[in-house]
Amino acid sequence: NLSSKLQETFRRLRGKGKLTEKDVNTALREVRLALLEADVNFKVVKDFVATVKERCLGSEVLESLTPGQMVIKIVNEELTKLMGESVAKLKPADKPPTIIMLVGLQGSGKTTTVAKLANHLKKANHSPLLVAADVYRPAAIKQLQVLGEQLKLPVFQMGQQNPVQIARAAVEQAKKNHNDYVLVDTAGRLHVDEELMDELVQMEEALQPQEILLVVDAMTGQDAVTVAESFKNRLGLTGIVLTKLDGDTRGGAALSVRAVTGCPIKFVGLGEKTDAFEPFYPDRMASRILG
Amino acid sequence: LFTRQNFDEDFFAELEEILIAADVGIETTLELVEKLRDKIREEKLKAPEQVLAALKSLILDILGRDPVPLQLEHKPTVILVLGVNGVGKTTTIGKLAARFTAEGKKVLLAAGDTFRAAAIEQLEIWAQRSHSDIIKHQQGADPSAVIFDGVAAAAARGADVLLCDTAGRLHNKANLMAELKKVYRVVDKALPGAPHEVLLVLDATTGQNSLAQAKVFNEAAPLTGVVLTKLDGTAKGGIVIAVARQLKIPVKFVGVGEGIDDLQPFDPVAYVESIFT
Ligand SMILES: Nc1nc2c(ncn2[C@@H]2O[C@H](COP(=O)(O)OP(=O)(O)OP(=O)(O)O)[C@@H](O)[C@H]2O)c(=O)[nH]1
Ligand SMILES: Nc1nc2c(ncn2[C@@H]2O[C@H](COP(=O)(O)OP(=O)(O)OP(=O)(O)O)[C@@H](O)[C@H]2O)c(=O)[nH]1
Ligand SMILES: [Mg+2]
Ligand SMILES: [Mg+2]
């Protein structure tokens, strides 16, 4: 792993006297490789390594008796700092209902996450309304209905109508039935699909939601930056949900998405069941990425 | 990049970035660039266009230059479709079914995902759209039982192709991989020699984890091909180069959208071009 690679690098360099900038560059090459293997976007890696390098050229590393350990400590600190704090809170509306849109690429885990978020809110004594606004994918509405039934939570649907109209009607129903949260499941879409991205812009405009959460598959590769940037440019994203973290991916997409959107990663998906849902822990993610 | 005159370290660094950005992976990228340096020396390449052509040629040495078709001579040909959650298995089956029915083939689908909410209903819609029949049990049934029935029905009804859908599963879940091994054995029991094709569906937006997926799925059910989906996005799915190199598994189809016609046979030459555009 990176820790042992750095120890080895510095063990070899130590023999030749005082550490130089060139030696630090050799060590940082290991950091770069580790982050690229972990799927962190190469531009994000460049910026991150530059930040780490600045700190590594100080006496804290150059005059250390264990420079390898110092570099690892600095990398861990900078990575954890970039990951942000543990912010598993949702921003409530001044007057209920609090409206949350879930958006993202096809298959990232939005529908399942809507159910998990609803379950999480129900356990905290809220009364969420799930909204089936994916009118494109075969049996998408049915999928959300089945999940709602499992959780004994209401699912609003209007069949295959305009998604923005469905969401607006859902908010009206929530007000009537005193649901304090409205969770809108949207269809998966490509960030480069102008028409479907416009649909989300219209939905944001119509609903004025308190939260727009970008649902990202933890195994996403280099494309994470392009996707996150596009969604951030068009919508008022307020947070990220990282799914399928129960897999064995190092999850570098988390760093890429954080670096490029500045949004907090609020929750993680850890399985297919509706209770496989946790707050995001930045330090755990940092050590996972470093492998 | 390709208007330069000399091949200095910046030149190779930029080439590396193109490959890394395409999710080729750092290990495969470094190997390719190393081979490229040798080629430049040995063939005394001077022009940047020659170097780019050489790199494309090295990648095609790994991917193969000709499309690899599906083995469809058996009747029924049994095709098992597997992969992690959300990559596009069910949709790909719908697209493949439509391709076969358009060729006049009799197609049967087996609803082997008995776990996920509305998975069976989703496949039923694809059966209708592609004019194929479907074998299904109730939600929560044993997937092996459904697929066994699918094989029996395909043989009994004289179907040309049976496409078996399976539940998405992460490859690091031992119990789910054991379930998949059982499905594979059951298919062979039901029809010796089947499945004739075992297709791993990989999402082009996934990074290095696709290689781990290919390795582990291959151990549970020897893979005959890959379907690379969601290439209509901006991701290039370059990890298939490592999959081809390390496991010798060819990409047979690519998914380029959510519609029934959005499936194309994999064209290695066109694919390699797309990495550099
Ligand atoms: N293992 C695991 N599977 C997950 C997780 N979240 C979602 N899934 C699975 O991923 C697959 C896709 O989930 P969906 O909720 O249908 O994804 P989606 O984003 O709504 O998909 P589209 O609506 O088609 O864009 C399903 O098989 C889910 O069970 C997770 O945290 N862990
Ligand atoms: N843009 C695009 N979307 C695709 C493609 N293939 C599948 N999808 C979409 O990806 C999402 C997931 O597809 P599914 O077919 O449900 O994936 P799956 O692997 O069967 O999912 P699970 O059974 O839950 O594991 C759906 O929204 C599909 O429409 C493709 O080639 N391009
Ligand atoms: Mg969905
Ligand atoms: Mg499926």
Side-chain angles (χ1 to χ4, degrees), chain A residues 32-43 45-46 105-112 115 136-150 187-193 216-227 230 243-244 246-253 271-272, chain B residues 16-27 29-30 84-91 94 115-126 128-129 139 167-173 176 203-210 212-213 216 229-230 232-239 255 257-258:
Chain A
R32 176 176 173 262
L33 287 179
L35 293 176
L36 287 175
E37 281 171 354
D39 282 327
V40 181
N41 180 274
F42 76 99
K43 296 195 208 111
V45 173
K46 237 185 200 157
L105 295 182
Q106 290 89 346
S108 56
K110 297 173 295 298
T111 304
T112 309
Y136 307 108
R137 167 173 157 154
I141 295 172
K142 185 85 214 271
Q143 184 185 2
L144 196 63
Q145 285 176 320
V146 170
L147 292 169
E149 265 167 52
Q150 288 174 7
R189 69 205 62 218
L190 294 177
H191 49 303
V192 292
D193 186 325
V216 177
D217 189 324
M219 344 171 203
T220 307
Q222 297 290 307
D223 205 40
V225 157
T226 319
V227 173
S230 307
T243 61
K244 308 179 203 172
D246 46 320
D248 60 8
T249 182
R250 298 256 294 272
E272 297 192 65
Chain B
E16 282 183 18
E17 284 190 351
I18 294 177
L19 295 176
I20 291 177
D23 282 315
V24 170
I26 185 74
E27 185 184 322
T29 295
L30 293 178
V84 303
N85 307 70
V87 293
K89 299 177 291 302
T90 306
T91 306
F115 170 75
R116 206 209 68 212
I120 298 172
E121 288 84 342
Q122 183 186 6
L123 191 66
E124 279 185 296
I125 293 173
W126 281 109
Q128 288 162 24
R129 287 180 179 181
Q139 184 79 4
R169 69 201 67 224
L170 294 181
H171 53 289
N172 56 324
K173 310 238 161 142
L176 297 182
D203 186 330
T205 67
T206 299
Q208 300 307 295
N209 198 251
S210 282
Q213 293 171 22
V216 177
T229 60
K230 309 180 196 173
D232 45 318
T234 48
K236 311 274 183 170
I239 193 68
E258 302 190 69

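Just so it is clear, the model here is predicted, and its values are computed rather than measured. Atom set for the values below is all heavy atoms of this structure, side chains included, hydrogens, waters and symmetry mates excluded.
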Next on the checklist: If you apply the rule salt bridge (charged side-chain N to carboxylate O under 4.0 Å, His left out), what do you find for E17(B) with K46(A), and how did you get there?
Outcome noted: CA-CA 11 Å; E17(B) 284 190 351; K46(A) 237 185 200 157; 2.7 Å; yes
Checklist entry - When you look at K173(B) and D246(A), which way does the salt bridge (charged side-chain N to carboxylate O under 4.0 Å, His left out) test go after all the steps? => result CA-CA 9 Å; K173(B) 310 238 161 142; D246(A) 46 320; 2.4 Å; yes
Next on the checklist: For a side chain to side chain donor-acceptor pair (under 3.5 Å) check, start with the C-alpha distance between Q122(B) and R116(B), then their side-chain angles and the critical distance, and finish with the verdict.
Outcome noted: CA-CA 10 Å; Q122(B) 183 186 6; R116(B) 206 209 68 212; 3.0 Å; yes
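L30(B) touches chain A through its side chain: at least one heavy atom from C-beta onward sits under 4.5 Å away, while N, CA, C and O do not. Proximity to chain A is absent for every atom of E124(B), based on heavy atoms less than 4.5 angstrom apart. Contacts of Q143(A) with chain B are made by both backbone and side-chain atoms, with heavy-atom separations under 4.5 Å. Contacts between I20(B) and chain A at a heavy-atom distance below 4.5 Å involve backbone atoms as well as side-chain atoms. Only the side chain of L105(A) has a heavy atom closer than 4.5 Å to any heavy atom of chain B. Contacts of T220(A) with chain B are made by both backbone and side-chain atoms, with heavy-atom separations under 4.5 Å. Within the 4.5 angstrom heavy-atom criterion, only side-chain atoms of E16(B), from C-beta onward, approach chain A.
Taking CD of E272(A) as the start and CZ of F115(B) as the end, the distance is 4.5 Å to the nearest 0.5 Å.
Annotation for E27(B): atom CD does not count as buried by contact number, only 12 or fewer foreign heavy atoms lying within 6.0 Å. Counting non-hydrogen atoms of neighbouring residues, nucleotides and ligands closer than 6.0 angstrom, the CZ atom of R129(B) exceeds 12 such neighbours.
Q208(B) and R250(A) form no side-chain donor-acceptor contact under 3.5 Å, judged by distance and modelled atom types alone.
Contact count against chain B (heavy-atom pairs under 4.5 Å) is highest for G221(A) among G188(A), S230(A), G221(A). Of the residues considered (L190(A), D39(A), V146(A)), D39(A) shows the highest number of contacts with chain B, using heavy-atom pairs under 4.5 Å. Annotation: maximal heavy-atom pairing with chain B below 4.5 Å, among H191(A), Q150(A), Q145(A), occurs at H191(A). Interface summary for chain A: among V87(B), I26(B), T234(B), I239(B), the most heavy-atom pairs under 4.5 angstrom belong to T234(B). The candidate from A119(B), A212(B), G86(B) with the greatest count of non-hydrogen atom pairs under 4.5 Å with chain A is G86(B). Looking only at heavy-atom pairs under 4.5 Å with chain A, the residue among L170(B), T90(B), V84(B) that has the most is L170(B).
Applying the side-chain hydrogen bond (donor to acceptor under 3.5 Å, both in side chains) test to E37(A) and every residue at least two apart in sequence or in another chain returns nothing.
For the side chain to side chain contact (heavy atoms under 4.5 Å, CB included) with T229(B), the qualifying choice from T91(B), D203(B), T205(B), T206(B) is D203(B), the only one to do so.
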